[in-house]
Engineer: 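Next up is a structure, given as structure tokens.
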Amino acid sequence: MNALGGKTALVTGASRGIGRASALALAKGGAQVLVHYSTGAHEAKEVVKEILSLGGRAQAISADLSKADGAHVLSQRVIDIVGARLDILVANAGISKAASIEDTTVEDFDRLFAVNVRAPFFLVQQLLPVLREGSSIVLLSSLAARAAVGSLPAYASTKGAIDTLVTHFAAALGPRGIRVNAVAPGVVDTDMSNFTRTDAGREIALGMQAIKRVAQPTDIGDVVAFLASDDARWITGDTVKVDGGSKL
Ligand code: NAP
């Protein structure tokens with residue numbers, strides 16, 4: 001239970017959903033966790049409270065990652081707290097919007113790429129000075145990057161970009177002892193995929209999957225914590241499908 005003892009971690013979008021589950025899993029492994037949020041101050045504080053009640057170390061930290069300098073602002077705040085060393089970066093914060101090709105607006109497209117791609121790119125860039133030998137970066141991809149599910153062409157392309165970044169980041173940072181991977185969830189019961197909370201939505205999700213239950217955020221968070229740990233020391237440059245066998 002102490003695989004991550006002594007390590008420091010930043011999880012973006014940790015106020016809810018998959019980010020929250022990842023923060024809790026990392027904290028249970030022994031890491032000190034910076035619980036990032038944007039609008040969910042109360043929720044982030046609850047996550048911090050839960051970690052502290054388990055005997056862990058955590059702190060809430062805010063930044064709007066849709067802003068051009070959001071990643072830069074957040075990175076400076078992180079460095080002010082952790083000092084010279086961050087061991088784990090989970091760039092999880094993301095937004096989604098279902099829209100057909102015809103209905104996608106330029107504003108929606110730009111916002112999706114700002115939060116889902118630009119922010120992770122510049123978080124990695126800005127945190128590189130403190131991401132040292134042995135650190136692990138985990139990005140959030142999606143089933144939508146490899147399969148035409150839902151009506152999500154713009155959102156899905158942000159996740160395709162994440163898969164590409166994983167390849168290039170891993171190649172560039174491997175020689176510095178930094179591993180870079182992504183997890184690609186299928187449909188997970190969070191606010192983003194709240195259609196799973198209706199009978200019809202649940203049927204759609206189960207219809208795609210080999211395993212017939214709706215995924216919970218912990219199903220993803222536990223894999224994030226594994227990828228962050230030294231048990232995954234030989235895994236880099238990979239996007240790991242964590243989707244109950246979706247679209248096999
Ligand atoms: P969620 O429940 O909607 O939570 C989204 C998180 O992102 C929240 O903590 C939110 O912070 C943060 N966020 C949103 N906009 C932000 C902004 N402008 N600046 C900073 N933070 C922002 O989403 P989720 O389902 O857990 O998804 C997490 C990640 O998994 C995303 O990258 C998503 O694309 C990916 N994913 C999800 C699914 C799924 O079915 N749920 C499937 C595949 C991939 P606040 O609430 O504090 O504002």
Side-chain angles (χ1 to χ4, degrees), residues 10-25 33-48 60-75 77-78 89-98 108 110-120 122-123 138-147 149-150 152 154-163 165-166 182-197 201-202 204-206 208-209 214-221 223-224 239-244 246-247:
L10 166 67
V11 183
T12 67
S15 49
R16 297 186 275 130
I18 293 168
R20 175 181 181 278
S22 300
L24 287 166
V33 184
L34 301 184
V35 176
H36 162 264
Y37 67 94
S38 176
T39 59
H42 173 72
E43 290 84 351
K45 279 179 192 138
E46 289 299 308
V47 177
V48 168
I61 181 169
S62 75
D64 181 354
L65 295 175
S66 69
K67 294 199 168 147
D69 66 348
H72 301 68
V73 168
L74 177 57
S75 299
R77 288 181 183 156
V78 169
L89 165 61
V90 183
N92 159 85
I95 54 172
S96 149
K97 182 156 184 180
D108 288 342
D110 284 351
R111 192 172 169 85
L112 283 163
F113 270 82
V115 177
N116 294 2
V117 184
R118 185 177 69 193
F122 286 101
L123 270 177
V138 183
L139 307 180
L140 262 290
S141 180
S142 170
L143 166 66
R146 69 171 176 89
V149 290
L152 300 163
Y155 168 78
S157 58
T158 68
K159 297 305 181 179
I162 288 297
D163 292 348
L165 285 181
V166 164
V183 290
V187 175
V188 185
D189 179 5
T190 68
D191 295 339
M192 182 180 284
S193 289
N194 59 9
F195 66 91
T196 57
R197 295 167 191 166
R202 189 170 179 278
I204 291 170
L206 298 194
M208 295 193 298
Q209 298 172 193
V214 175
Q216 296 303 308
T218 51
D219 292 321
I220 316 303
V223 180
V224 168
T239 294
V240 180
K241 291 192 279 175
V242 191
D243 61 11
S246 292
K247 289 281 182 184

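Counting starts at 1 for both ligands and their atoms, in listed order.
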Engineer: At what distance is the nearest protein heavy atom to atom 48 (O) of ligand 1, and which residue and atom is it?
Structural biologist: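 Scanning the protein heavy atoms, the shortest distance from atom 48 (O) of ligand 1 goes to Thr39 OG1, 2.6 Å.
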Engineer: I'd like to know whether ligand 1 has Ala63 as a neighbour, heavy-atom separation below 4.0 Å.
Structural biologist: yes
Engineer: Among Ala182, Pro217, Gly186, which one puts a heavy atom closest to atom 38 (C) of ligand 1?
Structural biologist: Gly186
Engineer: Under 4.0 Å, heavy-atom basis, I'd like to know which part of His36 is in contact with ligand 1: side chain, backbone, both or neither.
Structural biologist: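 Contact part for His36 vs ligand 1: side chain (C-beta onward).
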Engineer: Can you confirm, on distance only, whether ligand 1 has an N/O atom lying under 3.5 Å from any N/O atom belonging to Thr190?
Structural biologist: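 Yes - when backbone and side-chain N and O of Thr190 are compared with those of ligand 1, one distance drops under 3.5 Å.
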Engineer: Could you name the option among Ala184, Gly94, Ser141 that has the heavy atom nearest to atom 44 (C) of ligand 1?
Structural biologist: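 Nearest option to atom 44 (C) of ligand 1, by heavy atoms: Ser141.
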Engineer: Got Arg197 and Asp191 here, is their nearest side-chain heavy-atom distance under 4.5 Å?
Structural biologist: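 Arg197 reaches Asp191 side chain to side chain.
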Engineer: Using the rule side-chain contact (heavy atoms from CB on, under 4.5 Å), only one of Val242, Val138, Val240 pairs with Val224; which is it?
Structural biologist: Val138
Engineer: Any donor and acceptor pair, going by atom type alone, linking the side chain of Asn92 with main-chain N or O of Gly13 inside 3.5 Å?
Structural biologist: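 Here the side-chain-to-backbone pair exists.
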Engineer: Polar-atom distance check: Arg16 versus ligand 1, any N or O pair below 3.5 Å?
Structural biologist: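 Indeed, backbone or side chain, Arg16 has an N or O that close.
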Engineer: Output the distance between atom NE2 (His42) and atom OG (Ser15), rounded to the nearest 0.5 Å.
Structural biologist: 11.0 Å
Engineer: Under 4.0 Å, heavy atoms only, figure out whether ligand 1 is touched by the backbone of Lys159, its side chain, both or neither.
Structural biologist: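 The answer is the side chain.
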Engineer: Report the nearest protein non-hydrogen atom to atom 36 (N) of ligand 1: residue, atom name, distance rounded to 0.1 Å.
Structural biologist: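 Of the protein heavy atoms, Tyr155 OH, 3.6 Å lies nearest.
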Engineer: Heavy atoms, side chains only, cut-off 4.5 Å: are Val188 and Asp219 in contact?
Structural biologist: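 Side-chain contact under 4.5 Å: no.
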Engineer: Using a 4.5 Å cut-off on heavy atoms from C-beta on, say whether the side chain of Asn116 contacts that of Ile95.
Structural biologist: yes
Engineer: Is there a polar contact, in the sense of an N or O pair closer than 3.5 Å, between Gly13 and ligand 1?
Structural biologist: yes
Engineer: Can you name the atoms of ligand 1, numbered from 1 with element, that are less than 4.0 Å from a heavy atom of Val187?
Structural biologist: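 Here the atoms of ligand 1 in question are 40 (O).
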Engineer: Evaluate Ser38 for polar contact with ligand 1, using N/O atom pairs at a separation under 3.5 Å.
Structural biologist: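 Between Ser38 and ligand 1 (N or O atoms, distance only) the closest approach is under 3.5 Å.
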Engineer: Do Leu140 and Ile162 have side chains that get closer than 4.5 Å, going by heavy atoms?
Structural biologist: no
Engineer: For atom 27 (O) of ligand 1, which protein heavy atom lies nearest, and how many Å away is it?
Structural biologist: Met192 CE, 3.9 Å
Engineer: Below 3.5 Å, N or O to N or O, backbone or side chain included: is there any such pair between Pro185 and ligand 1?
Structural biologist: no
Engineer: Are Leu10 and His36 packed together at the side-chain level, in the sense that at least one heavy-atom pair is separated by less than 4.5 angstrom?
Structural biologist: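 Yes, side chains in contact.
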Engineer: Does a side-chain heavy-atom distance below 4.5 Å link Val11 with Arg20?
Structural biologist: no
Engineer: Is the side chain of Lys241 donor-acceptor paired with the backbone N or O of Leu143 at a distance under 3.5 Å, no angle test?
Structural biologist: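 No: the side chain of Lys241 does not pair with the backbone of Leu143.
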Engineer: Val33 versus Val47: any side-chain heavy-atom pair under 4.5 Å?
Structural biologist: no
Engineer: Go through ligand 1 atom by atom and flag the ones less than 4.0 Å from a non-hydrogen atom of Gly40.
Structural biologist: 45 (P), 47 (O), 48 (O)
Engineer: Would you indicate whether the side-chain heavy atoms of Leu165 and Val117 approach each other to under 4.5 Å?
Structural biologist: yes
Engineer: I need the nearest protein heavy-atom contact for atom 18 (N) of ligand 1: residue, atom name and distance, please.
Structural biologist: Asp64 OD1, 3.0 Å
Engineer: Tell me which protein heavy atom sits closest to atom 32 (O) of ligand 1, plus the residue, atom name and distance to 0.1 Å.
Structural biologist: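 Here the nearest protein heavy atom works out to Asn92 O, 2.8 Å.
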Engineer: For atom 26 (O) of ligand 1, what is the closest protein heavy atom, and at what distance to 0.1 Å?
Structural biologist: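 For this ligand atom, the closest protein heavy atom is Ile18 N, 2.8 Å.
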Engineer: Between Leu140 and ligand 1, does any nitrogen or oxygen pair lie at a separation below 3.5 Å?
Structural biologist: no
Engineer: Taking the non-hydrogen atoms of Lys67, is any one of them nearer than 4.0 angstrom to ligand 1?
Structural biologist: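 Per 4.0 Å heavy-atom rule, Lys67 does not contact ligand 1.
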Engineer: Can you pull out the closest protein heavy atom to atom 11 (O) of ligand 1? Residue, atom name and distance to 0.1 Å, please.
Structural biologist: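 It is Ser15 OG, 3.5 Å.
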Engineer: Can you tell me the protein heavy atom closest to atom 15 (N) of ligand 1 and the distance?
Structural biologist: Ile95 CG2, 3.5 Å
Engineer: For ligand 1, which is the ligand I care about here, please tell me if Val188 has any N or O atom under 3.5 Å from one of the ligand's N or O atoms.
Structural biologist: yes
Engineer: Within this structure, what is the OG-CG distance for the pair Ser246 and Leu206, rounded to the nearest 0.5 Å?
Structural biologist: 9.5 Å
Engineer: Atoms of ligand 1 less than 4.0 Å from Gly17 heavy atoms?
Structural biologist: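 Under 4.0 Å from Gly17, ligand 1 has these atoms: 2 (O), 26 (O).
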Engineer: Out of Asp243, Asp163, Thr239, which one pairs with Arg146 under the side-chain hydrogen bond (donor to acceptor under 3.5 Å, both in side chains) rule?
Structural biologist: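 Exactly one candidate clears the test, Asp243.
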Engineer: Please test Leu65 against Ser38 for side-chain contact (heavy atoms from CB on, under 4.5 Å), starting from the C-alpha separation and ending with a verdict.
Structural biologist: CA-CA 8 Å; Leu65 295 175; Ser38 176; over 6 Å; no
Engineer: Of the side chain and backbone of Leu65, name the one, both, or neither that has a heavy atom under 4.0 Å from an atom of ligand 1.
Structural biologist: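 It is both backbone and side chain that touch ligand 1.
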Engineer: List every atom of ligand 1 that sits less than 4.0 Å from any heavy atom of Tyr37, numbering the atoms from 1 in the order shown and giving each element.
Structural biologist: 47 (O)
